[in-house]
Every structure is written in C-alpha cells, then in structure tokens.
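This report concerns only the one structure given below.
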Amino acid sequence: MRAIGSCLYIAVVLGISAQALPAGEGKDAAPFGLEWGESVAQAHALGMDLQELPTNDFGNSYSATRLPKVIADVRTVALSFGYGDKLWRIAAVSKDFANDPYGAAIRARYNELSRVLAGKYGQGISHHHDVQNGKDENFLMYVVTGRAWHYTDYETKRIKIQVLIRATDVTTGYYMIIFKNKRLEAEFDRDKKAREKDAL
C-alpha cells in the first residue's frame with residue numbers, strides 16, 4: 001500500500017502550555033477537538049485515556065479514547081507526540097468492514113469521507129489503482145497483497161491529510177485518516193535524525 005506510510009466529553013483546562021499551538025479555526029485546526037502541539041499531560045487533562053503504543057516510528061505514540069470529538073465508526077485514534085512532547089500526527093483507524101471482498105462497503109464509506117474532506121480542505125489528489133485484468137471482484141485481495149491501492153491526499157498551508165483504504169484479509173477492509181502538522185513534522189524529522197546520529 002502506498003501511504004504516507006485509521007464517548008466522549010470535553011473538560012475545561014486552565015493554564016494551557018506555551019508549547020501548544022493556538023487552536024485556530026477552519027481547515028488548519030487539528031481534528032477530533034485536539035490541538036496541534038499539545039502535550040501528553042494536556043491530553044490527559046482534557047479527560048482522554050491514553051495507552052502507550054509499542055511502535056516508535058512517529059516518536060512517543062498513544063492509543064487514545066474519550067476524545068472531545070470522534071467519528072462514529074472510528075475504532076482507534078493514535079496520537080503521536082514525537083520526541084519533544086508535541087502532538088504532530090493523528091491517525092484514525094476505522095472499524096472492520098467484514099464480508100466485503102469486492103470492497104463495495106469500504107469504498108462507499110471512503111467516498112463519503114473524501115467528499116467531506118474535500119469540502120473542508122479543498123480538492124485532493126486521488127491515487128486509485130483498483131482493477132486487475134479487467135475484474136474488480138477481488139479488490140481487497142489486491143489491496144492486502146499490495147497490487148491495488150486507494151487513497152487521496154489533501155494539503156493546506158499548515159497540515160497534510162490522507163484518507164486511505166487498507167485490508168486485514170481478502171474479505172475485510174478498513175479506512176484510515178492521517179493528519180500531520182507540517183511544521184511539527186519537520187521538528188520531529190530533525191529530532192529523529194539527531195537521535196540516530198547520536199546512536200551511531
């Protein structure tokens with residue numbers, strides 16, 4: 001898969017850290033009621049439950065529940081704070097769309113989300129490669145084996161967004177939506193390179 005790379009109440013928090021970026025309005029704001037640059041402590045203070053993830057591909061990362069806002073069919077939201085304790089990447093993973101080898105259900109949902117994202121962030125660039133030998137019956141088989149892909153990229157001045165289809169097996173698909181803050185991503189990349197240099 002070609003990818004860059006898928007309850008709830010809100011509390012009032014006083015004394016926001018200077019590390020957090022202004023919440024902002026419109027298309028550059030973070031999704032799910034979050035704030036770009038907020039710390040793990042701030043996320044806890046908002047009432048979120050964070051469980052540390054074993055992967056460190058994106059720095060210190062957590063599976064988050066009890067977010068201020070969420071999409072109904074999202075199963076998991078992963079928050080990545082890099083190495084400087086600043087939220088820079090948010091990845092939402094949907095529930096499974098089972099018994100769907102043609103990918104009809106997951107593609108219908110993907111199309112709905114693509115329209116919503118386009119309405120907020122502007123027209124995206126789609127990358128769709130679905131049909132093999134003129135047939136579409138085994139779409140998820142081709143996705144799971146990397147012979148088909150289905151994703152759209154959106155970009156604003158400050159953030160990048162991608163919605164994509166993935167598959168756990170030949171009959172079960174799911175979608176992901178990945179949000180990245182470009183300035184904080186650049187900070188993460190610099191920190192990562194510095195850590196690698198220090199380790200060698």
Side-chain angles (χ1 to χ4, degrees), residues 1 3-11 13 20-21 23-38 40 42-51 53 55 58 61-81 87-100 103-128 139-140 143 149-156 158-168 171-182 184-185:
M1 173 69 59
I4 56 179
S6 74
C7 356
L8 312 164
Y9 68 94
I10 185 166
V13 179
L21 303 179
E25 295 181 357
K27 60 186 181 180
D28 289 327
F32 309 127
L34 301 170
E35 291 187 15
W36 294 120
E38 69 182 330
V40 173
Q42 287 175 302
H44 278 300
L46 283 169
M48 283 179 261
D49 181 19
L50 303 180
Q51 300 295 322
L53 294 172
T55 179
F58 310 107
S61 298
Y62 300 81
S63 174
T65 56
R66 297 170 60 192
L67 285 84
K69 301 176 183 178
V70 76
I71 300 173
D73 60 0
V74 163
R75 182 186 64 207
T76 303
V77 176
L79 308 181
S80 297
F81 296 84
L87 179 64
W88 72 273
R89 183 182 187 272
I90 302 164
V93 181
S94 78
K95 69 175 186 180
D96 288 339
F97 289 72
N99 302 313
D100 186 31
I106 186 60
R107 281 190 283 187
R109 182 59 173 141
Y110 168 92
N111 290 337
E112 290 175 350
L113 292 167
S114 296
R115 287 191 291 270
V116 172
L117 292 168
K120 183 170 184 179
Y121 301 106
Q123 190 62 39
I125 300 174
S126 295
H127 306 268
H128 296 166
F139 172 66
L140 288 185
V143 170
W149 50 90
H150 213 79
Y151 66 96
T152 301
D153 294 319
Y154 305 86
E155 188 165 355
T156 73
R158 295 180 176 85
I159 64 175
K160 296 186 288 188
I161 308 98
Q162 184 178 81
V163 58
L164 61 150
I165 292 176
R166 286 188 172 172
T168 55
T171 64
T172 307
Y174 63 96
Y175 70 78
M176 291 183 66
I177 311 176
I178 301 169
F179 299 83
K180 296 180 180 180
N181 180 285
K182 290 194 279 190
L184 295 174
E185 180 181 26

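Residues satisfying the side-chain hydrogen bond (donor to acceptor under 3.5 Å, both in side chains) test with H128, not counting sequence neighbours, are Y110. Taking the side-chain hydrogen bond (donor to acceptor under 3.5 Å, both in side chains) definition, one finds that S114 meets it with nothing, sequence neighbours left out. Here D100 pairs with nothing under the side-chain hydrogen bond (donor to acceptor under 3.5 Å, both in side chains) rule; sequence neighbours left out. Every residue meeting the side chain to side chain contact (heavy atoms under 4.5 Å, CB included) condition with N111, not counting sequence neighbours, appears here in chain and number order: R115. Shown here are the side-chain hydrogen bond (donor to acceptor under 3.5 Å, both in side chains) partners of S63, two or more places apart in sequence or in another chain: there are none. Residues satisfying the salt bridge (charged side-chain N to carboxylate O under 4.0 Å, His left out) criterion with D73, sequence neighbours excluded, are R109.
Judged by distance alone, the side chain of S126 and the main-chain N or O of T152 form no donor-acceptor pair under 3.5 Å. Between the side chain of W88 and the backbone N or O of L79, no donor-acceptor pair lies under 3.5 Å. Distance alone, capped at 3.5 Å, is enough to place a donor-acceptor pair between the K182 side chain and the T156 backbone.
Summarising the geometry of I125 relative to H127, their closest heavy-atom pair is O-CD2, 3.4 Å, with the distance given to 0.1 Å. Across F81 and L87, no two heavy atoms sit closer than the pair CD2-N, 3.6 Å. Taking all atoms of both residues into account, the shortest heavy-atom contact from A78 to L53 is CB-CD1, 3.9 Å. For the pair W36 and A29, the tightest heavy-atom approach, listed with the atom from each and the gap, is NE1-C, 3.6 Å. Across all their heavy atoms, S80 and F58 have their closest contact at OG-CB, 3.4 Å. Taking every heavy atom of both residues into account, I90 and A30 meet most closely at CD1-CB, 4.2 Å.
Taking the centre and axis of the six-membered ring of Y174, the NZ or CZ atom of R166 falls outside the cone set by 45° and 6.0 Å. In this structure, R107 is positioned above the aromatic face of F139, its NZ or CZ under 6.0 Å from the six-membered ring centre and within 45° of the axis.
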**Request:** Tell me, with the steps shown, if T171 and L140 meet side chain to side chain contact (heavy atoms under 4.5 Å, CB included).
**Result:** CA-CA 6 Å; T171 64; L140 288 185; 5.6 Å; no
**Prompt:** Between H44 and L50, is a side chain to side chain contact (heavy atoms under 4.5 Å, CB included) present by the stated rule, with each step listed?
**Reply:** CA-CA 7 Å; H44 278 300; L50 303 180; 3.9 Å; yes
**Message:** Run W149 and I165 through side chain to side chain contact (heavy atoms under 4.5 Å, CB included) and show every step you take.
**Reply:** CA-CA 7 Å; W149 50 90; I165 292 176; over 6 Å; no
**Request:** Quick one: do I178 and L164 satisfy side chain to side chain contact (heavy atoms under 4.5 Å, CB included)? Show the steps, please.
**Result:** CA-CA 9 Å; I178 301 169; L164 61 150; 4.0 Å; yes
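Using a 4.0 Å cut-off between charged nitrogen and carboxylate oxygen, K180 and E185 count as a salt-bridge pair.
By the 4.5 Å heavy-atom criterion applied to side chains, E38 and L34 are counted as neighbours. Here the side chains of V74 and Y175 are in contact, with some heavy-atom distance below 4.5 Å. Counting heavy atoms from C-beta outward, L184 and R89 have side chains that stay 4.5 Å or more apart.
Below 30°, between 30° and 60°, or above 60°: for F179 and F32 the angle between ring planes is above 60°, a perpendicular geometry.
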